[in-house]
Amino acid sequence: MSSKVRTRFAPSPTGFMHVGNLRTALYEYLIAKSLGGDFVLRIEDTDQERKVEGAVDIIYNTMKLAGLKHDEGPDVGGEYGPYVQSERKNMYLPYAEQLIENGKAYRCFCTKERLDGLRANADDPGAGYDRHCRNLSQEEIEQKLADNVPFVIRQKMPLEGSTTFEDAVYGTITVENSELQDQILIKADGFPTYNFANVIDDHTMNITHVVRGSEYLSSTPKYNLLYESFGWKIPTYVHLPLIMGKNDDGSISKLSKRHGATSFEDLVNAGFLPEAIINYIALLGWAPKDNREMFTLSELVENFSIDGISKSPAVFDYDKLEWFNGEYIKAMTVEQFAQAADPYFSKALGDKNLDRVKLASILQQRTTKLTDIPEKIAFFAQQPDYDKELFVNKKSKTNLENAPSLLKAGTEALEALTEWNHDSIHDCLIELAVKLGVKNGTAMWPVRIAASGMTVTPGGAVEILDILGREESLARLHKGLEKLG
RNA sequence: GGCCCGGUGGUCAAGCGGCUAAGACACCGCCCUUUCACGGCGGUAACACGGGUUCGAUUCCCGUCCGGGUCACCA
């Protein structure tokens, strides 16, 4: 019972879900599930000044869309609740006070101004708090308390020695204790800092694997000192390499807004499918034993293992994400694709009534992002004004001399059709090519150009004519004839 | 700046003392083809550098360089 693996995703409600966070959540989920454990969602809202309205809903929504179902959390409950830190507020102070009694922490009455001044006057950019209140006499402390001087509670770091810990991906890491700041545990407003709340919550929620970004690597000793002060078992640490973005000048830095869409929502709005996003980010920093790349979430659970996690930072590659997206789109049934694409069809077509399943069938194989759809099919709704030079195509052996007669023959043949469907149109144009003694492409090119007004179209002449319908098609062909004189 | 971590093609990434150093994306070429795509085939391209250790280093150790992270009453 007590050996059951438990991981937790502990986001702050900031209003959006950065892909780095999402990947952390994914790995936490995968570690828990691949080991038969539980995945917990905890909301870290200890910063009262940064609260964002509706931010928690975005978290729920993202997790749901991504398929990361948590076993415990604010919305589903669980035996370790509450799962929102602000609701746990009064749990933390007693622990901090216990630390004070044990000489592992102390009250600090320094003002924000004094601290700022300290930083401003130091020539060492890494200079921290000067531990001014660390050795206050009992009288001084009581006097200030009596005077109601606001205070924070700081952790009393050892001045000598070093702290070593084991990370499941980075191995053994040692940090000199002298590098450690007397970090704040409880803020003046009574709320715990992230670092303190984390330790208390992870322990009281029985979290066995602490999974987080590698930016926490160097502060982990502080956490461990806290665990040791309480006599608690230190969890297994799994630090993840950061996700980077490529800057315009070629340099890289932590993935952020300027690199493009970086939140899950942005990505979805940019036309990426949740499954593709998950699949891609799973592989950003982790590799399976074999060469496999396509994984559903449950397949990831089956194949995931911590030793496949890499140590070096990975650059987020939109091209590769797009490739994954295209693969997922191609793997859909036409009906599924038609449904996913429907909003984009509407955007391009308005109230123009065309067979959307047929549209979907010509689009599916050539779509990598749903958002690319509208511009590809806009010509169905309204034919663009095109130049007659489009009728010239070397490969199809068409030019301004033969195009008029070719198009005329095609138009007449199509007009004679009694049935208007894919097969009849197809047979009609193929027969025409045979009759004229030209390549299929030569007969088709002028027809497709006249029907679409574009050199590049999804689908060929036959599909376009079929979808456009007899009346509209013939009208467009005649217009093409006029254009050619 | 101190400390921590990292360094295999443009990107992701196998490799864990002996290999012609995988694979994928991107890129280029060819084929297929009624355009574009899809698909198929092929190609260009990498162990940051310098010392060790070893019969032998991409792999182990040290240094250099480069990159990233971290030093908040933010998480």
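None of the values given here were measured: they were computed from a predicted structure. Chain letters run A, B, ... following the sequence lines, proteins first, then strands; residues in each count from 1. Because only heavy atoms are used, hydrogens play no part in the values below, and waters and symmetry mates are left out as well, while side chains stay in.
In this structure Phe165(A) satisfies the ring pair (Phe, Tyr, Trp, His ring centres under 6.0 Å) test together with Tyr237(A), sequence neighbours excluded.
Across all strands shown, Ala287(A) has heavy atoms under 4.0 Å from sugar-phosphate atoms exclusively, and none from any base. Residue contacts for Val315(A): at a heavy-atom cut-off of 4.0 Å it reaches the sugar-phosphate backbone alone, with no base atom in range. Nucleic acid contact for Lys289(A): none, since no nucleic acid atom lies under 4.0 Å from a heavy atom of the residue. Contact annotation for Val462(A): base contact, defined as any heavy-atom pair under 4.0 Å involving a base atom. Contact annotation for Gly285(A): backbone-only contact, meaning every heavy-atom pair under 4.0 Å involves sugar-phosphate atoms and none involves a base. Thr457(A) comes within 4.0 angstrom of a base, heavy atoms only.
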Expected string for nucleotides 21-32 of chain B under the B/S/- scheme (protein heavy atoms, under 4.0 Å, primed atoms plus P, OP1, OP2 as sugar-phosphate) is -BSBS-------

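If you run salt bridge (charged side-chain N to carboxylate O under 4.0 Å, His left out) between Asp182(A) and each of Lys156(A), Arg134(A), Arg154(A), only Arg134(A) comes through.
Comparing Leu217(A) and Gly460(A) against RNA chain B, the residue whose closest nucleotide sits nearer the 5' end is Leu217(A). Taking the nucleotide of RNA chain B with the nearest heavy atom to each of Lys187(A) and Tyr129(A), the more 5' of the two is matched to Tyr129(A).
Applying the 4.0 Å criterion to OP1 and OP2 of G39(B), one finds that Lys330(A) has a side-chain N or O inside that range. Neither OP1 nor OP2 of A37(B) sits under 4.0 Å from any side-chain N or O of Lys376(A).
The distance between atom CD of Gln364(A) and atom P of G39(B), rounded to the nearest whole Å, is 12 Å.
By the 4.0 Å N-to-carboxylate-O rule, Arg366(A) lies too far from Asp372(A) to be salt-bridged with it.
A donor-acceptor contact under 3.5 Å is formed by the side chain of Tyr216(A) with the base of A75(B). Taking 3.5 Å as the limit, the base of U35(B) and the side chain of Arg448(A) contain a donor-acceptor pair of atoms between them. Scanning atom types as modelled, one donor and one acceptor separated by under 3.5 angstrom connect the side chain of Arg366(A) and the base of C36(B).
In this structure, U33(B) forms no base pair with any nucleotide, since neither Watson-Crick nor G-U wobble geometry is met with both distances under 3.5 Å.
Side chain of Thr371(A) to main chain of Ala270(A): a donor-acceptor pair is present (N/O by atom type, distance under 3.5 Å, no hydrogens or angles).
Between Phe337(A) and Phe345(A), the ring-plane angle classifies as perpendicular under the 30° and 60° cut-offs.
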